[in-house]
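First comes the structure, then the notes that go with it.
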Amino acid sequence: MTTDTPRTVLRITGSDRTEFLQGLVTSDVGKLAEGIVYAAILTPQGKYLADFFLVPEDDAILLDVATPLAASLSQRLTMYKLRADVQIEPTEITATRGVGDTPDGAFADPRHDALGWRAYDGRAGQDSIDWDAIRVAHCIPETGVELTPDTYILEAGFEALNGVDFRKGCYVGQEVTARMKHKATLKKGLDVVQVDGAVPVGTPITSDNKPVGTLFTQSGDRAIAHLRFDRAGEDMQAGDANVSWSGRAAHQA
């Protein structure tokens, strides 16, 4: 079954909107001049709070976020704005998406070419697409599935997904994220595994009765998993399913 999280679009207005967001989110808001931006907001400890798209709109910025996170994100942004000239309000705008060439007025999804396009102008989307199959093939995390309050965004591949910019300057959680960036290698993270069997999202993965990680979205005989790379291998278990991992492949140059 394809993950289909509903979306909410907020509108951010006010003369300080760009500078305000630039000091909070993981990506360079200045790139809105070129189109849509994928970003996240983190805790001061560098853990994930929400991921979203920022979309240019005349004298405003649209923020496209998973509906379950919209209220808490709006509340947090309001807390941070203090005396800045920034207004945040919900809209009735619908986010739609499809694959293939990007239509006029739509935006190419900045995370990966395989994710097609996103639009905010009322056009119909392509609802019959197996988005989970695309996500698993390219190890692309989903809000509320692979992306949880325990997530560190570099372990979730945000650099390859254009979701973090290391040249933009400070943002909330930047110090922890930068330290992880400059480690020799990540010891844990998301990657694609082979699965023989079917188990629920969130099933623990073990090897020789030792914890290795967690199995998330599955499509056919492949799945996205969060792994401890030093313990992962070709003979693992997740519930009644056999799991194998032949070495890190996702998000590699």
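Remark: D150 engages K47, T148 in a side chain to side chain contact (heavy atoms under 4.5 Å, CB included) (not counting sequence neighbours). With sequence neighbours excluded, no residue forms a salt bridge (Lys or Arg N to Asp or Glu O under 4.0 Å) with E19. Among residues two or more places apart in sequence or in another chain, the salt bridge (Lys or Arg N to Asp or Glu O under 4.0 Å) test is passed with D121 by R123. Contacts of N242 classified as side chain to side chain contact (heavy atoms under 4.5 Å, CB included), with partners at least two apart in sequence or in another chain: D196, Q237. The ring pair (Phe, Tyr, Trp, His ring centres under 6.0 Å) search around H112 returns H138, not counting sequence neighbours. With sequence neighbours excluded, the residues forming a salt bridge (Lys or Arg N to Asp or Glu O under 4.0 Å) with D230 are R228, listed by chain and number. The salt bridge (Lys or Arg N to Asp or Glu O under 4.0 Å) search around D28 returns none, not counting sequence neighbours. In this structure, the side chain to side chain contact (heavy atoms under 4.5 Å, CB included) partners of E175, at least two apart in sequence or on a different chain, are R179. Partners of P90 under the side chain to side chain contact (heavy atoms under 4.5 Å, CB included) rule, at least two apart in sequence or in another chain, are L10.
Listed by first and then second residue, the side-chain hydrogen bond (donor to acceptor under 3.5 Å, both in side chains) pairs that reach into residues 67-83 are T8-T67, sequence neighbours excluded. Within the structure, no pair that satisfies the ring pair (Phe, Tyr, Trp, His ring centres under 6.0 Å) test touches residues 193-218, not counting sequence neighbours. Applying the ring pair (Phe, Tyr, Trp, His ring centres under 6.0 Å) rule to pairs touching residues 21-78 yields Y38-F53, Y38-F158, sequence neighbours excluded.
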- Derivation and outcome, side chain to side chain contact (heavy atoms under 4.5 Å, CB included), residues L77 and I41: CA-CA 10 Å; L77 293 176; I41 189 167; 4.2 Å; yes
- Go through S15 and D85 one step at a time and tell me if the side-chain hydrogen bond (donor to acceptor under 3.5 Å, both in side chains) criterion holds. CA-CA 6 Å; S15 60; D85 179 19; 2.7 Å; yes
- Worked check of side chain to side chain contact (heavy atoms under 4.5 Å, CB included) between W117 and Q126: CA-CA 10 Å; W117 52 263; Q126 299 172 350; 4.1 Å; yes
- Going through the checks in order, is the side chain to side chain contact (heavy atoms under 4.5 Å, CB included) test met by I93 and E57? CA-CA 12 Å; I93 295 171; E57 185 203 50; 4.2 Å; yes
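Using a distance-only test at 3.5 Å, with no hydrogens or angles considered, a donor-acceptor pair links the side chain of S27 to the main chain of G163. A donor-acceptor pair is defined here as one N or O able to donate and one able to accept, closer than 3.5 Å; such a pair exists between the side chain of T26 and the backbone of A40. A distance-only check finds no donor-acceptor pair linking the side chain of E89 to the backbone of R11 [under 3.5 Å]. Formation of a donor-acceptor pair under 3.5 Å by the T91 side chain with backbone atoms of V9 is found in this model. Under the 3.5 Å distance criterion, the side-chain polar atoms of R222 are left unmatched by any main-chain donor or acceptor of S219.
Side-chain contact between P68 and T5: present, with at least one pair of heavy atoms (C-beta onward) separated by less than 4.5 Å. You'll find the side chain of L73 reaches within 4.5 Å of the side chain of L63, heavy atoms only. The side-chain heavy atoms of H226 and E146, taken from C-beta on, include no pair separated by under 4.5 Å. With a 4.5 Å cut-off on side-chain heavy atoms, R97 and W131 count as touching. No side-chain heavy atom of Y152 sits less than 4.5 Å from a side-chain heavy atom of T177. Looking at V25 and Y171, their side chains never come closer than 4.5 Å, going by heavy atoms from C-beta outward. Looking at heavy atoms from C-beta onward, L32 lies out of side-chain contact with T18 at the 4.5 angstrom threshold. Using a 4.5 Å heavy-atom threshold, the side chains of M180 and E155 count as touching.
When all heavy atoms of Q218 and V136 are compared, the closest pair comes out as C-CG2, 4.4 Å. When all heavy atoms of I88 and V86 are compared, the closest pair comes out as CG1-CG1, 4.1 Å. The shortest heavy-atom contact between I134 and A114 is CG2-O, 3.7 Å. In plain terms, the two heavy atoms of P110 and I36 that are nearest each other are CD-CG2, 3.6 Å. Looking at every heavy atom in both residues, T13 comes nearest to D59 through CG2-O, 4.2 Å. The two residues F229 and L186 make their nearest non-hydrogen contact at CD1-O, 3.4 Å.
Note that CG of L190 is 11.5 Å distant from CG of L154, once rounded to the nearest 0.5 Å. Note that CD1 of I12 is 6.5 Å distant from CG of L54, once rounded to the nearest 0.5 Å. Note: L215 CG to I205 CD1 = 4.5 Å, rounded to the nearest 0.5 Å. The line from CG of L147 to CG of L49 is 12.0 Å long, rounded to the nearest 0.5 Å.
In the displayed structure, Q87 atom CD is contacted under 6.0 Å by more than 12 heavy atoms of other residues, nucleotides or ligands.
Cluster membership for F20 and M79, using ILVMFWY side-chain heavy atoms within less than 4.5 angstrom, is shared.
Looking at D208 and K210, no side-chain N of the basic residue comes within less than 4.0 Å of a carboxylate O on the acidic one, giving no salt bridge. The existence of a salt bridge linking D64 and R118 is confirmed by a sub-4.0 Å separation between a basic side-chain nitrogen and an acidic carboxylate oxygen.
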